[in-house]
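Let me begin by presenting the structure, written as structure tokens, before commenting on it.
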Number of protein chains: 2
Amino acid sequence: MKATFGEYIKQLRTDNGLTLTQLAFQLDLDSANLSKIENGKREFDEKRLEKLANAFDLDLEKLKTEYFGDQFAKKMYQYNCSPETLIVAEEKVNYLKSINVKQGEIKFDNEK
Amino acid sequence: MKATFGEYIKQLRTDNGLTLTQLAFQLDLDSANLSKIENGKREFDEKRLEKLANAFDLDLEKLKTEYFGDQFAKKMYQYNCSPETLIVAEEKVNYLKSINVKQGEIKFDNEK
DNA sequence: TATAATTTTGTCAATTATTGACAAGTTTTA
DNA sequence: TAAAACTTGTCAATAATTGACAAAATTATA
């Protein structure tokens, strides 16, 4: 899997013989906007990952990996970040996990 | 370097004997908001990275690595992404670079 | 070829998120 | 204990994102 997330969706959709309208309906989206997503002109909203997984019977975890990997890649490309950035990210994830084992949970706004 | 970006700024600031007000001035920020940034309650705006680099005579590239690494780590922690996400990100950066060598540049809105 | 279906693009108001600013509170320092 | 430094809460202003629709372009098919 090397494509962007939009290209990936398009691939899934066409492989399964769906039109934009059909998939957009399942994702609770306008077909015009799904087109933009597939062509990289709009972002796919994280909230719809589960619907996308259901639409094609995909593993949500794998989908998340594709999705966030894509987001990070876009940012890195856009800002010309060094590959080192990803190593730093890995360290910092571990750091965040370690301090939260000790100190309880960080609250993010997407949690209730 | 394992700390969050906010902790990193605080470290730099205190090591150099600056108050919030003093550093905030250099960053064109309100000291109250800088406090929130240091404590992870607000985001540091990418546009201020250069000012931060100047304030402490840091290499902008290294700062970017810390900054974006921190952003990715937060997202991964927040959404409980697998470590694999970073490998996917690396592949996709290369993919983006390869298609743009071939096809010309992707335009991002932050470019003029 | 025409016409129907599909996809793409443009636009814009509405919603949502982020920011700057200031007041008020707390903690630290001298 | 007074001043300085830091933190927290709030909110209007600004900015970014989204949904929706119209219309243009492309593709498929009768």
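Naming: A, B, ... by sequence-line order, numbering from 1 per chain.
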Provide the closest heavy-atom pair for [X] versus [Y] in the form atom of the first, atom of the second, distance.
| X | Y | result |
| --- | --- | --- |
| B:G69 | A:T85 | N-CG2, 3.5 Å |
| B:L49 | B:L63 | O-CD2, 3.4 Å |
| B:A73 | A:L96 | O-CD1, 3.8 Å |

[X] [atom1] to [N] [atom2]: how many Å, rounded?
| X | N | atom1 | atom2 | value |
| --- | --- | --- | --- | --- |
| B:L34 | D:dT8 | CG | P | 13 Å |
| A:E7 | C:dT8 | CD | C1' | 16 Å |
| A:N39 | C:dG10 | CG | C1' | 14 Å |
| B:E38 | C:dT27 | CD | P | 18 Å |

Does a side-chain N or O from A:S35 land closer than 4.0 Å to OP1 or OP2 of C:dT7, or not?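 So the side-chain polar atoms of A:S35 never come under 4.0 Å of the phosphate oxygens OP1 or OP2 of C:dT7.
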Report yes if at least one side-chain N or O of A:K41 is closer than 4.0 Å to OP1 or OP2 of C:dT8; otherwise report no. no
Base-pair map of DNA chain C as dot-bracket, where | denotes pairing with a different strand and pairs are Watson-Crick or G-U under 3.5 Å: ||||||||||||||||||||||||||||||
Kindly determine whether B:Y95 and B:E91 satisfy side chain to side chain contact (heavy atoms under 4.5 Å, CB included), including the steps that lead there. CA-CA 6 Å; B:Y95 175 68; B:E91 289 171 1; over 6 Å; no
What's touching nucleotides 14-17 of chain C from the protein side, N or O pairs under 3.5 Å?
none

Side chains of B:T4 and A:K92 in contact at under 4.5 Å (non-hydrogen atoms): no
Which ones in residues 17-27 of chain B lie close to DNA chain D, meaning a heavy atom under 4.0 Å from one of its atoms? B:T19, B:L20
Applying salt bridge (Lys or Arg N to Asp or Glu O under 4.0 Å) to B:E43 and B:K74, what does each step give before you reach the verdict? CA-CA 11 Å; B:E43 290 305 309; B:K74 276 188 202 149; 3.5 Å; yes
I'd like to check the side chain to side chain donor-acceptor pair (under 3.5 Å) partners of B:R13; sequence neighbours left out, ordered by chain and number.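 Side chain to side chain donor-acceptor pair (under 3.5 Å) list for B:R13, sorted by chain: B:E38.
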Table please: side-chain donor-acceptor pairs of residues 20-29 of chain B below 3.5 Å, with sequence neighbours left out.
unit_1 : atom_1 : unit_2 : atom_2 : d
B:Q22  : OE1    : B:T19  : N      : 2.8
B:Q22  : OE1    : B:T19  : OG1    : 3.4

Count I, L, V, M, F, W, Y as connected when their side-chain heavy atoms are under 4.5 Å apart, and connections chain through other members. Are A:M76 and B:L60 then in the same cluster? yes
Please work out which residues in residues 49-57 of chain B have a non-hydrogen atom less than 4.0 Å from an atom of DNA chain C and list them by number.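 None - not one residue of the stretch has a heavy atom sitting under 4.0 Å from the strand.
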After noting the C-alpha distance and the side-chain angles of B:F68 and B:Q71, does the key distance pass the side chain to side chain contact (heavy atoms under 4.5 Å, CB included) rule? CA-CA 5 Å; B:F68 288 105; B:Q71 293 217 323; 4.1 Å; yes
How would you list, by chain and number, every residue that makes a ring-ring contact (aromatic ring centres under 6.0 Å, His included) with A:Y67, sequence neighbours excluded?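 So A:Y67 forms a ring-ring contact (aromatic ring centres under 6.0 Å, His included) with A:F5.
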Quick check on side-chain contact (heavy atoms from CB on, under 4.5 Å): which of A:D70, A:L52, A:L34 does A:F44 satisfy it with?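 Looking at A:D70, A:L52, A:L34, the match for A:F44 under the side-chain contact (heavy atoms from CB on, under 4.5 Å) is A:L52.
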State which residues pass side-chain contact (heavy atoms from CB on, under 4.5 Å) with A:N94; sequence neighbours excluded, sorted by chain then number.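 Here the qualifying residues are A:E90.
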Applying side-chain contact (heavy atoms from CB on, under 4.5 Å), can you list everything that pairs with A:L12, at least two apart in sequence or on another chain?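 A:L12: side-chain contact (heavy atoms from CB on, under 4.5 Å) contacts with A:Y8, A:F56, A:L58.
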Going by the rule salt bridge (Lys or Arg N to Asp or Glu O under 4.0 Å), which residues pair with A:E50 if we only count those two or more places apart in sequence or in a different chain? none
Under the salt bridge (Lys or Arg N to Asp or Glu O under 4.0 Å) definition, can you give me all pairs with a residue in residues 54-64 of chain B, not counting sequence neighbours?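 Listed once each, the pairs are B:E61-B:K64.
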Take nucleotides 18-26 of chain D nucleotide by nucleotide from the 5' end and write B, S or -, depending on whether a protein heavy atom sits under 4.0 Å from the base, only from the sugar-phosphate, or from neither. BBBBB----
